[in-house]
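Comments concern the structure below.
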Amino acid sequence: MKSTVKPIAGAVAHLWALFFVGVAATAIMAALTAAGAGLLVVLGIGLIPLALALLFLAGIARMEEARVAGLFGFDVPPHPYARSPRTDWLRVPHTVWLQAKDSRNWIGALHFTIMFVLASVAIGLLGTIFSALTVLIGSARFPQREFWILIFGPMSGAGATIAAVIAILVALALLAALGVAHREISRSMLVPSREAQLVAQANVASHRRNEAINAAEIERTRIERDLHDGVQPRLVSVGMTLGMAKNKMATDPEAAAALIEEAHLSTKAAITELRQLARGIHPAVLDDRGLDAALSALAARSHVPVLLDVQVSGRCSKPTEAALYFVIAEALTNAAKHSHARQVRVTVRERDGGRVWARVEDDGTGGAVRTPGGGIDGIAGRIAAVGGSFSLTSPVGGPTTVEVSVPCAS
């Protein structure tokens, strides 16, 4: 019984508070919409308040989802803000457009509107209860029949008391009904069905699998290119040099010794390249000492000065740490090769909800774009494969900023 009464009472309290929030929210939405509509013909200035109104609506939707999840304990899926992957001046308009396309924003706004209507009724019932209580208090303090004749006419003091008690009971029953309606409406509007959840989970799993396959293909191509362009020619040269030394061993030992020394140096260089290639795939220090130590070693080898700030208290899963290391390593490589950056700032932080956030920002020339099969596409795919989010901002002229957020346990 208590488990049922408590959330219903909480729902009624929420409705009372929501009435005042709804009045303020309605006033803000009306002001922004009116300003946008009035200024729309003035060089499109009205688009700014209309965009703000849309973002405000998206915030209301998320507030409702969080409120309902906390009030009733419903399993409302996370609802992150959609962010545009563009890096040009259309990034902000595209982000606003993504909010307009998000159906959950409109469902949340509709839910808020319905709850505001219920809240208005709940406030009226609260006023009825206060009025009836005033009558009860008055009947106790002024029992004379003449006093009640002035208020209720021919109704006696006892009749007024009975009417007040009935009004209170009816108002309480209606408030309980509003609380139940709040719970059931919220459940049907904001909580997806089991079938919808399974479909969504299947879609997410399929997307992550596809991104993992894409990222693996890009990584394989990169490894093949590095082997073909670097290590393979060097090893072929070592073999040819040793063959020449073998031929000269009997006739010209000094020349043969010089060729062997040359082959020895080339072999050491090839081993170094192979070690660097393996380190780029998955360094041993990452498994042994964790992300902080691996990133410190990566920053020390970087051709561009790196300001490293890592604040992670514990270890995350191996796929998460490997993905973060890969992203930061690729971003540093891109900054050195393409951006002509003079300095790179790398920040890694723990976030609420068991997530790790990383940001890599360089002061280079910018203009980076995500192209299918490119390095940035590989970064995005690697992050998506572990259930994370990726964002690139790189206007022409710089700076270039890569932001990722991944679950610590993936």
| query | Does a salt bridge link Arg349 with Asp309, judged by any charged N lying under 4.0 Å from a carboxylate O? | reply |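 Yes, Arg349 and Asp309 are salt-bridged.
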| request: Apply side-chain contact (heavy atoms from CB on, under 4.5 Å) to Tyr81 and Asp102, showing your working. | output: CA-CA 9 Å; Tyr81 280 94; Asp102 190 346; over 6 Å; no
Would you confirm whether [X], through its side chain, and [Y], through its main-chain N or O, come within 3.5 Å as a donor-acceptor pair?
| X | Y | answer |
| --- | --- | --- |
| Ser394 | Gly367 | yes |
| Thr128 | Gly124 | yes |
| Trp106 | Lys101 | no |
| Thr347 | Val310 | no |
| Gln99 | Ala82 | yes |
| Glu321 | Cys316 | yes |
| Arg62 | Ala58 | yes |

Is there a side-chain contact between [X] and [Y] (heavy atoms, below 4.5 Å)?
| X | Y | value |
| --- | --- | --- |
| Val406 | Leu324 | yes |
| Ile379 | Phe326 | yes |
| Ile260 | Met249 | yes |
| Phe112 | Leu57 | no |
| Ser389 | Pro80 | no |
| Ile129 | Leu172 | yes |
| Arg351 | Ser405 | no |

Could you tell me the separation between the [atom1] atom of [X] and the [atom2] atom of [Y], rounded to the nearest 0.5 Å?
| X | Y | atom1 | atom2 | answer |
| --- | --- | --- | --- | --- |
| His111 | Ile185 | NE2 | CD1 | 7.0 Å |
| Ile376 | Leu392 | CD1 | CG | 5.0 Å |
| Leu118 | Trp16 | CG | CH2 | 14.0 Å |
| Leu52 | Leu47 | CG | CG | 11.0 Å |
| Leu110 | Asn105 | CG | CG | 12.5 Å |
| Glu403 | Ile383 | CD | CD1 | 12.0 Å |

| Does anything in residues 323-355 pair up under disulfide bond (SG atoms under 2.5 Å apart), and if so which pairs, sequence neighbours excluded? |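 Pairs touching residues 323-355 that pass the test: none.
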| said: Check this for me: Glu184, atom CD, are more than 12 non-hydrogen atoms of other residues, nucleotides or ligands nearer than 6.0 Å? | reply: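 Enclosed: over 12 neighbouring heavy atoms sit under 6.0 Å from CD of Glu184.
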| Does atom CE of Met240 have more than 12 heavy-atom neighbours, drawn from other residues, nucleotides or ligands, at distances under 6.0 Å? |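 Atom CE in Met240 is not packed in, count stays at 12 or less.
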| message | Could you walk me through whether Glu65 and Arg104 satisfy the salt bridge (charged side-chain N to carboxylate O under 4.0 Å, His left out) test, starting with their C-alpha distance in whole Å, then the side-chain angles of each, then the deciding distance to 0.1 Å, before giving a yes or no? | response | CA-CA 10 Å; Glu65 292 173 348; Arg104 288 183 62 179; 3.1 Å; yes
| field | Intermediate values then yes/no, side-chain contact (heavy atoms from CB on, under 4.5 Å), Leu178 and Leu174 | value | CA-CA 6 Å; Leu178 288 176; Leu174 291 176; 5.6 Å; no
| field | Residues forming a side-chain hydrogen bond (donor to acceptor under 3.5 Å, both in side chains) with Ser339, sequence neighbours excluded | value |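 Expected list: Asp362.
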| query | What residues form a side-chain hydrogen bond (donor to acceptor under 3.5 Å, both in side chains) with Thr95, not counting sequence neighbours? | reply |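 Partners of Thr95 under the side-chain hydrogen bond (donor to acceptor under 3.5 Å, both in side chains) test: none.
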Nearest atoms (heavy-atom pairs only) where [X] meets [Y]:
| X | Y | value |
| --- | --- | --- |
| Ala53 | Met29 | O-SD, 3.5 Å |
| Ala132 | Ala167 | CB-CB, 4.3 Å |
| Arg91 | Ser391 | NH2-OG, 3.1 Å |
| Ala299 | Leu308 | CB-CD2, 4.4 Å |
| Phe390 | Val402 | CE1-CG1, 3.7 Å |
| Pro49 | Ala35 | CG-C, 4.0 Å |

| request: Begin from the C-alpha positions of Val68 and His14 and carry the test side-chain contact (heavy atoms from CB on, under 4.5 Å) through to its verdict. | output: CA-CA 10 Å; Val68 167; His14 271 233; over 6 Å; no
| query | Tell me the ring-ring contact (aromatic ring centres under 6.0 Å, His included) pairs involving residues 334-366, sequence neighbours left out? | reply |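 ring-ring contact (aromatic ring centres under 6.0 Å, His included) check on residues 334-366 returns no pairs.
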| field | Qualifying ring-ring contact (aromatic ring centres under 6.0 Å, His included) pairs, either residue in residues 49-73, two or more places apart | value |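 Sorted result for residues 49-73: Phe72-Phe74, Phe72-His182.
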| query | Who are the side-chain contact (heavy atoms from CB on, under 4.5 Å) partners of Asn247, not counting sequence neighbours? | reply |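 Residues passing side-chain contact (heavy atoms from CB on, under 4.5 Å) with Asn247: none at all.
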| task | Go through Met189 and Met115 one step at a time and tell me if the side-chain contact (heavy atoms from CB on, under 4.5 Å) criterion holds. | result | CA-CA 12 Å; Met189 293 186 67; Met115 292 302 109; over 6 Å; no
